[in-house]
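What follows is a single structure, written as structure tokens, with notes after it.
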Amino acid sequence: MSRSRAVSVVATVLACSGLIACAAPEPDTPVTTIGVAAAPSLSGALTEMIQLFEEDHPGVRVSLELVRSASIAEGLPTRSDINVYASADEESMQRLVDASVAAEPRVFARNHVVVAVPSGNPRQVKGLRDLERPDLRVGLCRLDVPCGRAAESLLTAADVSPVQVDRHEGSRAVAARLANDELDVGIVYRTDIAASHGWVSQAEVDQHDRELAQAAGMTRYTVARIPGGENGPDAETERAAARDFVELVTSDRGRRALENAGLAPLPQ
């Protein structure tokens, strides 16, 4: 990744007295930045991982970019500022691997969609079959994004055909509409319910619907290094940092961060 070195300056304020001398400032330390591009549903987990990573690597900073997986994948072949790609779209990742844009991919987590409602469930939604009620405003993701495909798979498996449907660009957009009471029910990733801070709730559906969501409405996440981001004078440092970051994602500490965000880490 071609970029100039940044300078990290830490300002330390000490109370000086006759017994305690003021410490001289530390010398300037060169800092390398690596870019991580990821699906928005990984935001919470990756934010926690980045904090852990930067604590372990004081000479490295991580720049996080959250964009739809397919959109990221389309631009990666011509970009030099991304070192790691974490995708919710396995097909997009495979295309990058086939084109030698992504290297050493690993499946590391899964997420699944759930029936979501505004806090308090004012329209008394009790299951997937309620999405066929003509009096309900239903929100779903577009079919060209992972959460839309997961929702469509779930609805097909349940043999449910919603009546009034608004399509949105992603799970977070549906959750936001639910939080604003602009929708009565939607299908979103469970991680976006956790991120809503109580404004959106998971509907209390029966065991059959819960099991169906986990089986048919699942998305798997893959992470890979992007060699095209490793160039310039910091190439070796960036390559090592990118590999270390991928290792963190798949480590026990990474698994805990995934679980904290509502994701299901895959067994090692």
Side-chain angles (χ1 to χ4, degrees), residues 1-3 32-50 52-54 56-57 60-111 141-150 169-171 189 191 218-251 253-255 257-258 261 263-268:
M1 177 169 50
S2 177
R3 55 167 66 84
T32 297
T33 300
I34 63 170
V36 175
S41 50
L42 291 169
S43 173
L46 288 179
T47 297
E48 182 176 341
M49 289 186 209
I50 287 170
L52 295 171
F53 183 84
E54 291 184 345
D56 292 344
H57 299 75
V60 181
R61 294 293 176 267
V62 179
S63 173
L64 178 62
E65 179 178 334
L66 299 170
V67 185
R68 285 198 312 128
S69 295
S71 297
I72 297 172
E74 288 173 5
L76 276 180
T78 60
R79 293 184 63 171
S80 61
D81 59 337
I82 299 299
N83 302 87
V84 176
Y85 171 46
S87 175
D89 186 341
E90 291 184 89
E91 292 181 4
S92 293
M93 177 67 83
Q94 189 57 53
R95 285 195 293 270
L96 292 174
V97 171
D98 293 343
S100 299
V101 174
E104 304 160 11
R106 301 191 198 180
V107 179
F108 67 94
R110 59 179 177 262
N111 201 354
C141 298
R142 292 197 328 236
L143 292 173
D144 62 341
V145 298
C147 68
R149 291 193 290 270
E169 64 181 10
S171 178
Y189 283 131
T191 46
M218 187 184 70
T219 294
R220 299 202 315 171
Y221 295 87
T222 53
V223 62
R225 190 170 54 84
I226 306 299
E230 303 157 0
N231 53 72
D234 292 338
E236 289 299 325
T237 302
E238 291 168 6
R239 183 176 299 111
R243 283 188 168 135
D244 286 351
F245 192 85
V246 172
E247 287 298 325
L248 173 62
V249 170
T250 58
S251 71
R253 291 195 299 169
R255 288 167 59 84
L258 292 166
L263 290 154
L266 293 181
Q268 292 181 325

Rounded at 0.5 Å granularity, tell me how far CD in Glu104 sits from CZ in Arg106. 7.5 Å
Where is the tightest heavy-atom contact between Asp244 and His57, given as atom of each residue plus distance? OD2-NE2, 3.1 Å
Could you tell me which non-hydrogen atom of Phe108 sits nearest to which non-hydrogen atom of Thr222, and how far apart they are? CE2-C, 3.5 Å
Side-chain touch Leu258/Tyr221, heavy atoms, less than 4.5 angstrom: no
Euclidean distance, Leu66 CG relative to Ser41 OG, rounded to 0.5 Å: 9.0 Å
Ignoring hydrogens and angles, tell me if any N or O in the side chain of Asp234 forms a donor-acceptor pair with the backbone of Asn231 under 3.5 Å. no
Thr191 side chain to Asn111 side chain, donor-acceptor N/O pair below 3.5 angstrom: yes
Begin with the C-alpha distance, continue with both residues' side-chain angles, and end with the deciding distance and a verdict on side chain to side chain contact (heavy atoms under 4.5 Å, CB included) for Ile82 and Glu65. CA-CA 9 Å; Ile82 299 299; Glu65 179 178 334; 3.9 Å; yes
Shortest non-hydrogen contact between Leu263 and Ala45, atoms and distance: CD1-CB, 4.1 Å
Under 3.5 Å, side-chain donor or acceptor atoms of residues 69-78 against the rest of the protein: list the pairs with distances, not counting sequence neighbours.
unit_1 : atom_1 : unit_2 : atom_2 : d
Ser69  : OG     : Ala88  : N      : 2.9
Ser71  : OG     : Arg68  : NH2    : 3.3
Thr78  : OG1    : Gly75  : O      : 3.2

Chi angles and distances behind the side chain to side chain contact (heavy atoms under 4.5 Å, CB included) call for Val249, Met49: CA-CA 7 Å; Val249 170; Met49 289 186 209; 3.7 Å; yes
Are any non-hydrogen side-chain atoms of Leu266 and Arg110 less than 4.5 angstrom apart? yes
Quick check for you: to the nearest 0.5 Å, what is the distance between Ile226 atom CD1 and Ser80 atom OG? 12.5 Å
Per the side chain to side chain contact (heavy atoms under 4.5 Å, CB included) rule, which among Val36, Ile34, Thr32 passes with Asn83? Ile34
Beyond-backbone contact of Val62 with Glu54, side-chain heavy atoms, under 4.5 angstrom: yes
State whether the number of non-hydrogen atoms from other residues, nucleotides or ligands found under 6.0 Å of Glu169 atom CD is greater than 12. no
Looking at CG of Asp56 and CG of Leu248, how far apart are the two atoms once the value is rounded to the nearest 0.5 Å? 7.5 Å
Salt bridge check, Arg243 against Glu230: does any charged N sit closer than 4.0 Å to a carboxylate O? no
Give every residue pair that meets the salt bridge (Lys or Arg N to Asp or Glu O under 4.0 Å) criterion with at least one member in residues 90-103, sequence neighbours excluded. Glu90-Arg220
Closest non-hydrogen atom pair, Tyr189 against Cys147: OH-N, 3.2 Å
For a quick check under 3.5 Å, do Arg61 and Thr33 share a side-chain donor-acceptor pair by atom type? no
What is the minimum heavy-atom distance between Ala224 and Val246, and which atoms define it? C-CG2, 4.4 Å
Answer yes or no: is there a side-chain heavy-atom contact under 4.5 Å between Pro105 and Tyr85? no
What heavy-atom pair brings Leu143 and Gly148 nearest, and what distance separates the two atoms? CD2-O, 3.9 Å
